Each structure stands twice: as C-alpha cells, then as structure tokens.
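Below, all heavy atoms of this structure are taken into account, side chains as well, without hydrogens, waters or symmetry copies. None of the values given here were measured: they were computed from a predicted structure.
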Amino acid sequence: MCLAAGMRISKSFPAIFYISFIALYFSLYTITPIFSNSLQDNFIKCLEKNTYVDFPLEKTFFSPKRNASIFKEVLESTIQNQRLLTKSLPKPICIFKPVHESHVQASIICSNKLGIHLRVRSGGHDFEGLSYVSQMETSFVLLDFSKLRQIKVDIEDNSAWVQAGATLGELYYRIAEKSNRHGFPAGLCSTVGVGGYITGGGYGPLMRKYGLAADNVLDAKIVDANGKLLDRIAMGEDLFWAIRGGGGASFGVILAWKIKLAPVPETLTVFTVIKTLEQDANFKTLSKWQRIAHKLVEELFIRVTISPIGNGENKTVMTMYRGLFLGGKGTLMKVMNKGFLELGLTRKDCTEMSWIESTVYNADFPANTPIEVLIQAISPFEKLSFKSKSDFVKEPIPVSGLKGIFKRMMQEDSLASFLAWTPYGGMMAKFSESEIPFPHRRGTLFKIFYNTNTEKRPSKHINWLRDLYSFMTPYVSSNPRQSYVNYRDLDLGKNKNNSKANFKKAQIWGTKYFKDNFDRLVKIKLKVDPHNVFRHEQSIPTLPTTM
Ligand SMILES: Cc1cc2nc3c(=O)[nH]c(=O)nc-3n(C[C@H](O)[C@H](O)[C@H](O)COP(=O)(O)OP(=O)(O)OC[C@H]3O[C@@H](n4cnc5c(N)ncnc54)[C@H](O)[C@@H]3O)c2cc1C
Ligand SMILES: *[C@@H]1O[C@H](CO)[C@@H](O)[C@H](O)[C@H]1NC(C)=O
Ligand SMILES: *[C@@H]1O[C@H](CO)[C@@H](O)[C@H](O)[C@H]1NC(C)=O
Ligand SMILES: *[C@@H]1O[C@H](CO)[C@@H](O)[C@H](O)[C@H]1NC(C)=O
C-alpha cells in the first residue's frame with residue numbers, strides 16, 4: 001500500500017489534459033526572464049571556481065532553453081504528485097545534478113554569492129512539491145541529487161553509509177545483497193528518497209520493533225549555509241538532533257546518512273484480509289483493531305486502509321488489513337488467535353517470505369515481482385495527482401465516529417480516496433517526545449493518513465478531504481492537533497515573509513508537526529542559518545529582527 005489503498009491504478013491520464021498541460025508548460029518558459037541565461041552562466045562560472053574535481057559541469061547542468069528537449073523530462077523524472085505541475089507555480093530556472101560532494105558545497109557558496117535561491121531534491125516525493133516548485137520564490141535553481149546515490153553496506157559494523165539521492169528500494173536491495181539477516185526500518189514505497197525521508201522521521205512496517213528511520217541514524221554528512229561540509233562531530237549534537245526529524249531543507253543539505261542496520265529473521269509472514277462494510281457491519285473488527293493494534297507484540301504490524309469500492313447498487317466501503325510479522329506463519333497464528341481473533345485470519349491468508357521480498361510486497365508490486373524492481377526506480381502506480389493530510393489518534397474512535405467516516409466514504413467515487421491507519425506502540429512509545437524532533441510517541445494509538453485523487457475535479461475531492469478532516473476533529477489529537485511533517489500539508493499554513501505575524505503563524509503549524517520541539521528547532525535554525533538560506537513554505541522560520 002503506497003498511495004492507492006492497494007489498488008493498482010491503471011487509468012491513463014486523459015489525452016486532452018495532457019495536451020493542454022504541455023502547452024501551458026512551454027508557455028511558462030517563454031516568459032522566463034531574459035536574465036536567467038546570464039544568471040546560469042554566472043552560476044556555472046562560480047561553480048567552476050569553487051570545485052576541485054575535474055568534471056565538465058555543463059554535462060550535468062540543464063537549462064530549459066539550451067536543453068529544451070530533455071529539461072521537462074529531467075524536471076519531472078522523480079515528481080510524484082502531478083497536482084503541483086500547474087503553470088501557476090514557479091519552476092526552476094535550471095537544474096544542476098551534482099556528481100561530487102564538492103559540487104554541493106560550491107552550489108551553496110555560489111547561491112549565496114549570486115543571491116540565487118536553491119531547492120534540493122532527493123527522491124521528489126514531497127506531498128506539496130516543495131523540492132521542485134515554489135510558492136514564495138519566483139526564481140530558483142534545482143539541485144537534484146539523482147547522481148549522488150552511493151550505498152556502502154558494512155555488515156561487520158552493522159551499518160551503512162547512504163547518499164541522499166538513493167531510494168529506499170536501493171538501500172533495501174544493497175543490504176539484502178550482503179545479508180539475509182539484516183534490514184532497515186524504513187518506508188513502504190521503494191521510490192521514496194533517503195534524503196527527504198529521514199529528515200522527516202520516516203516510518204514503515206518495522207517501526208513497532210525498531211522505531212523510525214531517524215531513530216536509527218548514527219552519523220550524517222551535511223553542507224551548511226556557508227558551504228562547509230560537516231559530520232556529526234563537526235556539526236554538534238544540536239544540529240544532528242534537528243536534522244533527524246525536523247523536516248527537510250531547513251538546516252542544510254544532507255549529503256549522506258550513516259544508518260544502523262536492524263536484525264531481521266530469515267522468514268517473515270505477510271497477509272492481506274479484506275472486509276467490506278457488510279462483513280464488519282457492527283465495526284467489531286475495526287473497533288478491536290483500534291484497541292489492540294498498538295499493544296500486540298512488536299514483531300507484528302497491521303495497518304488498515306479504508307476506501308470506497310464498487311458502483312451503484314454494489315457500492316461499499318472496503319477495509320483492508322495488511323500485516324507483516326517478523327517470524328513464521330505458525331507463531332503468527334498463535335499471536336492472532338490470542339490477540340485478534342476477530343479478524344478471522346487463516347493460514348491460507350498468510351505468505352512466508354524473506355525481508356527483501358516483503359519490501360516488494362509492501363510497495364504493492366504484484367506477487368512474484370523480482371526484487372530487482374527495487375533498483376529500477378519503478379513504481380507500481382502511474383503518476384498520481386493527489387492531496388493528503390494526517391492525524392494522530394489517542395482514543396479509539398467510537399462507532400458513531402466510524403459511521404460518519406464510512407458515510408463520507410460512500411459519498412466518494414474515487415478508489416484513490418482512502419484512509420490508511422498505521423499502528424503505533426512498541427518501540428515508538430519507548431522514545432521520549434524530545435529524543436528527536438518527531439514528537440508523536442507514547443499515547444498514540446495510530447496515525448491517520450488521508451488521501452484523495454485530484455486528477456479530475458480537484459476542488460470537489462479536496463473539499464471532500466477537508467470536510468472529512470473537519471469531521472474528525474473530536475476524534476483525534478488536540479492542543480495541538482498533531483500532523484506528520486513528512487506528510488507536508490500547506491493547508492496548515494505557510495511562510496510568506498520574515499515578519500512577526502508570519503512567525504506567529506509558523507508557531508501554530510510548527511507545533512502541530514513538532515509539539516514543544518518547535519522552540520528548540522527555531523533556536524538551532526537561528527544558530528546555523530540566521531540568514532534563512534534554507535527556506536521554503538514550511539521551513540523552520542528565523543525570528544524576525546523586530547522581535
Ligand atoms: C508514494 C509515496 C509513499 C510514501 N511512503 C512513505 C512511508 O512509507 N513512510 C514515510 O514516513 N513517508 C512516506 N512518504 C512521505 C515521504 O517520506 C516524504 O515525502 C519525504 O519527504 C520524501 O523524501 P524525498 O527525498 O523522496 O522527497 P523530496 O521531494 O526530494 O524532498 C522532500 C523535502 O526534503 C527536502 N530535501 C530533499 N533532499 C534533501 C537533502 N539532501 N538535504 C536536505 N533537504 C532535502 C526537499 O527540499 C523537500 O523539502 C511517502 C510519499 C510518497 C509520495
Ligand atoms: C545543455 O546544453 C548545453 C549547450 O548546448 C550543452 O553544452 C550541455 O552539454 C547540455 N547539458 C546536458 C546535461 O546535456
Ligand atoms: C453488481 O454486481 C452484480 C453481480 O456481480 C452485477 O451483475 C451487476 O451488474 C453489478 N451492478 C453494478 C451497478 O455494477
Ligand atoms: C507577512 O506575512 C504575514 C503572515 O502571512 C502577513 O499577515 C503580512 O501581511 C505579511 N507582511 C508583509 C510586509 O508582506
């Protein structure tokens with residue numbers, strides 16, 4: 001289950017949309033300011049002066065005019081959310097793909113010198129497109145990490161160094177190449193970039209056993225606002241704390257993470273059980289899941305997706321339970337019979353496989369897809385256009401609330417409108433709220449991910465989503481109503497300028513993502529990036545000078 005409730009999306013993008021979209025796209029570039037060419041030249045010249053590796057920079061530099069035939073392809077290569085590809089959002093004046101770490105340092109130095117804003121992209125999965133479009137900067141350069149994706153796995157040391165441009169799938173594959181007893185607790189979708197993912201915490205099916213990806217980081221290499229390359233010792237513990245969950249692109253550019261590997265058994269078990277609205281008429285199963293999913297053994301992770309399915313008289317709501325167990329079928333059946341009999345899991349529903357095979361299963365590829373798909377940057381879905389939101393639940397939602405959710409599901413026509421509920425507890429509750437900036441810990445039963453497809457009639461679907469979110473208010477965390485920073489949601493607010501009013505607003509959305517950790521993030525921001533070099537619509541703000 002990546003982004004479509006486990007359903008394979010195969011509708012092709014309507015041709016008429018596509019044509020008008022290309023037309024809009026090119027008209028955008030015909031109005032790109034004339035000065036951008038010389039700005040690019042100055043940027044390249046400056047890069048040449050500031051790098052010490054012998055590499056022809058123009059080979060890795062893409063301009064919409066000079067490289068017109070490939071620019072669009074490069075820009076859109078890793079973009080996940082088509083919703084952000086509208087004409088109204090400014091796109092980069094050029095794209096630079098550093099091939100050496102010193103290129104990243106030079107980019108920061110030159111962007112400071114020439115006053116050019118930079119956006120950094122690793123996997124391109126940002127929900128609001130903050131890595132490649134901007135709502136606050138009209139002119140910026142895109143630093144794309146797709147050529148910095150080296151992975152060095154050291155089984156003896158139980159660790160790996162991973163460059164920011166690698167995907168989660170590549171990381172999984174490279175670990176499994178060396179050992180079938182090692183893994184890493186990270187996300188469901190194989191195409192997500194390591195660079196952005198870990199900066200926001202990073203959850204996945206091993207989280208109840210090992211915590212977040214960010215809980216398992218040992219060291220990092222980062223380029224700061226002055227272009228200096230720092231490791232953990234050089235950056236100090238404050239900055240090292242901030243980058244493990246404080247959100248991407250606020251404190252510096254991550255070059256690489258050193259991660260701690262996690263032990264996995266040779267055999268894991270996965271399962272999928274579906275219940276329609278009629279099959280769980282009194283919400284017995286879903287109510288029980290809410291009460292026990294966070295309390296089950298840490299080796300067991302059962303997430304739930306809820307989505308409309310079928311048409312007309314056959315329309316219903318499907319609740320899908322997808323489980324991953326670190327162990328064999330037999331043990332799993334014992335655990336389920338004791339703790340969650342209501343689901344009615346049978347041995348027939350269960351499939352045993354290796355950890356690496358389970359990552360392919362979790363990413364929603366069809367059964368028996370070769371694991372090589374993990375290193376091919378392939379997604380099981382066509383590119384989607386979507387809007388998402390998140391919530392955290394602290395008390396089971398009563399039947400009256402569940403009825404309201406299912407009623408709203410029945411009103412939606414799109415299969416790609418769904419909720420995904422992710423159980424917490426286990427290791428997630430053992431870290432304190434301030435261990436890293438990610439604060440959603442003890443007392444959280446589960447997280448809700450809301451998604452709707454915005455390909456057709458976007459405002460109708462977005463309104464549906466916002467209405468559901470509003471309906472959920474009494475059933476989810478409050479004061480603050482918490483949100484997951486890796487599920488960027490600009491409905492919560494966005495930076496506009498450096499005023500006191502902006503800062504006050506940022507405190508509101510910032511507290512949703514980070515609770516009390518927001519204050520410490522602001523202090524660290526002031527120390528490491530007082531001039532706000534690393535800024536975007538939801539970057540940690542600097543305090544206005546008037547305060
Ligand atoms: C299909 C899909 C599946 C997902 N599944 C999961 C999941 O299972 N678990 C989970 O926790 N999240 C998941 N997410 C959310 C994902 O973790 C975030 O979108 C994450 O920020 C993506 O990282 P990225 O490098 O791919 O994205 P990008 O768009 O490249 O970057 C995201 C943000 O980080 C910044 N950034 C990127 N690279 C760097 C860098 N090197 N240094 C500093 N800042 C940087 C960007 O500027 C941007 O602000 C999913 C998202 C999608 C679209
Ligand atoms: C972009 O175009 C310029 C000028 O034609 C060329 O020198 C450069 O190699 C091109 N860049 C890439 C990455 O192809
Ligand atoms: C509902 O399902 C039945 C049985 O599968 C089928 O014959 C019928 O055409 C379906 N109705 C609609 C509106 O899809
Ligand atoms: C700055 O942003 C704030 C908050 O969004 C807004 O209220 C204010 O009018 C803006 N001020 C200026 C000078 O643009």
Side-chain angles (χ1 to χ4, degrees), residues 29 32 36-37 39-80 84-85 90-112 114 116-126 129-134 137 139-151 161-171 191-197 199 221-223 227 229 248-249 252-257 375-377 534 536:
Y29 283 103
T32 304
S36 69
N37 262 353
L39 199 60
Q40 279 170 50
D41 291 339
N42 291 342
F43 190 64
I44 297 194
K45 268 189 214 132
C46 177
L47 288 176
E48 273 162 359
K49 261 193 229 145
N50 286 279
T51 51
Y52 315 101
V53 279
D54 194 18
F55 187 90
L57 289 173
E58 72 276 6
K59 288 249 179 306
T60 188
F61 209 90
F62 303 83
S63 140
K65 285 211 176 119
R66 288 176 203 164
N67 314 93
S69 60
I70 46 172
F71 186 82
K72 178 177 149 67
E73 190 189 318
V74 173
L75 175 62
E76 295 183 12
S77 55
T78 55
I79 288 180
Q80 289 297 305
L84 286 320
L85 282 174
K91 306 294 185 303
I93 54 164
C94 56
I95 300 171
F96 177 49
K97 292 187 175 181
V99 298
H100 188 269
E101 294 184 341
S102 74
H103 288 162
V104 179
Q105 294 179 265
S107 302
I108 306 292
I109 291 166
C110 296
S111 91
N112 287 341
L114 300 170
I116 307 176
H117 180 58
L118 284 182
R119 291 270 157 141
V120 185
R121 180 167 81 180
S122 289
H125 282 53
D126 193 279
L130 301 186
S131 54
Y132 52 85
V133 296
S134 172
E137 307 284 339
S139 160
F140 63 94
V141 170
L142 173 54
L143 205 59
D144 181 298
F145 265 64
S146 55
K147 292 191 172 173
L148 290 174
R149 59 196 314 148
Q150 218 176 56
I151 298 168
W161 271 106
V162 194
Q163 282 189 315
T167 63
L168 296 181
E170 288 167 347
L171 173 59
T191 51
V192 173
V194 166
Y197 174 80
T199 59
K221 281 205 251 175
I222 180 172
V223 177
L229 198 161
V253 180
I254 310 292
L255 290 176
W257 302 102
I375 49 172
Q376 288 161 353
F534 302 113
H536 56 74

Problem set entry | Heavy atoms from other residues, nucleotides or ligands near NZ of Lys147 exceed 12 (cutoff 6.0 Å) |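 More than 12 within 6.0 Å, yes.
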Could you state the interatomic distance from [atom1] ([X]) to [atom2] ([Y]), rounded to the nearest 0.5 Å?
| X | Y | atom1 | atom2 | value |
| --- | --- | --- | --- | --- |
| Lys97 | His103 | NZ | NE2 | 14.0 Å |
| Cys46 | Leu39 | SG | CG | 11.0 Å |
| Leu118 | Phe43 | CG | CZ | 5.5 Å |
| Ile151 | Trp257 | CD1 | CH2 | 15.0 Å |
| Ser122 | Gln163 | OG | CD | 10.5 Å |
| Leu143 | Ser131 | CG | OG | 11.5 Å |

Do [X] and [Y] have side-chain heavy atoms sitting under 4.5 Å apart?
| X | Y | answer |
| --- | --- | --- |
| Leu168 | Val194 | yes |
| Gln105 | Asn50 | no |
| Arg121 | Thr78 | yes |

Problem set entry | Counterpart residues, side chain to side chain contact (heavy atoms under 4.5 Å, CB included), relative to Val133 (two or more places apart) |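 Checked Val133 against side chain to side chain contact (heavy atoms under 4.5 Å, CB included); matches are Leu84, Leu89, Lys91.
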For this session: Check side chain to side chain contact (heavy atoms under 4.5 Å, CB included) between Glu58 and all other residues, then give those that pass, not counting sequence neighbours.
Result: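 Checked Glu58 against side chain to side chain contact (heavy atoms under 4.5 Å, CB included); matches are Pro56.
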Exercise. Between Ser134 and Pro90, is there a donor-acceptor pair closer than 3.5 Å when you use the side chain of the first and the backbone of the second?
Worked result: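 Checking the backbone N and O of Pro90 against the side chain of Ser134, no donor-acceptor pair under 3.5 Å is found.
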Exercise. Is a donor on one side and an acceptor on the other found under 3.5 Å between the side chain of Gln80 and the backbone of His125?
Worked result: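 Between the backbone of His125 and the side chain of Gln80 there is no qualifying donor-acceptor contact (under 3.5 Å).
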Could you report the tightest heavy-atom contact between [X] and [Y], atom names first, then the distance?
| X | Y | answer |
| --- | --- | --- |
| Gln40 | Ile93 | NE2-O, 3.4 Å |
| Phe534 | Val223 | CZ-O, 4.1 Å |
| Pro64 | Cys94 | CD-CA, 4.4 Å |
| Leu148 | His100 | CD2-N, 4.0 Å |
| Ala249 | His536 | O-CD2, 3.4 Å |
| Asp144 | Pro98 | O-CD, 3.3 Å |

Exercise. Which residue, Phe140, Phe61, Phe62, Phe145, forms the ring-ring contact (aromatic ring centres under 6.0 Å, His included) with Phe96?
Worked result: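 Between Phe96 and the candidates, ring-ring contact (aromatic ring centres under 6.0 Å, His included) is satisfied uniquely by Phe61.
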Problem set entry | Partner set under side chain to side chain donor-acceptor pair (under 3.5 Å) for Glu170, not counting sequence neighbours |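 With neighbours one apart ignored, the set is Arg149.
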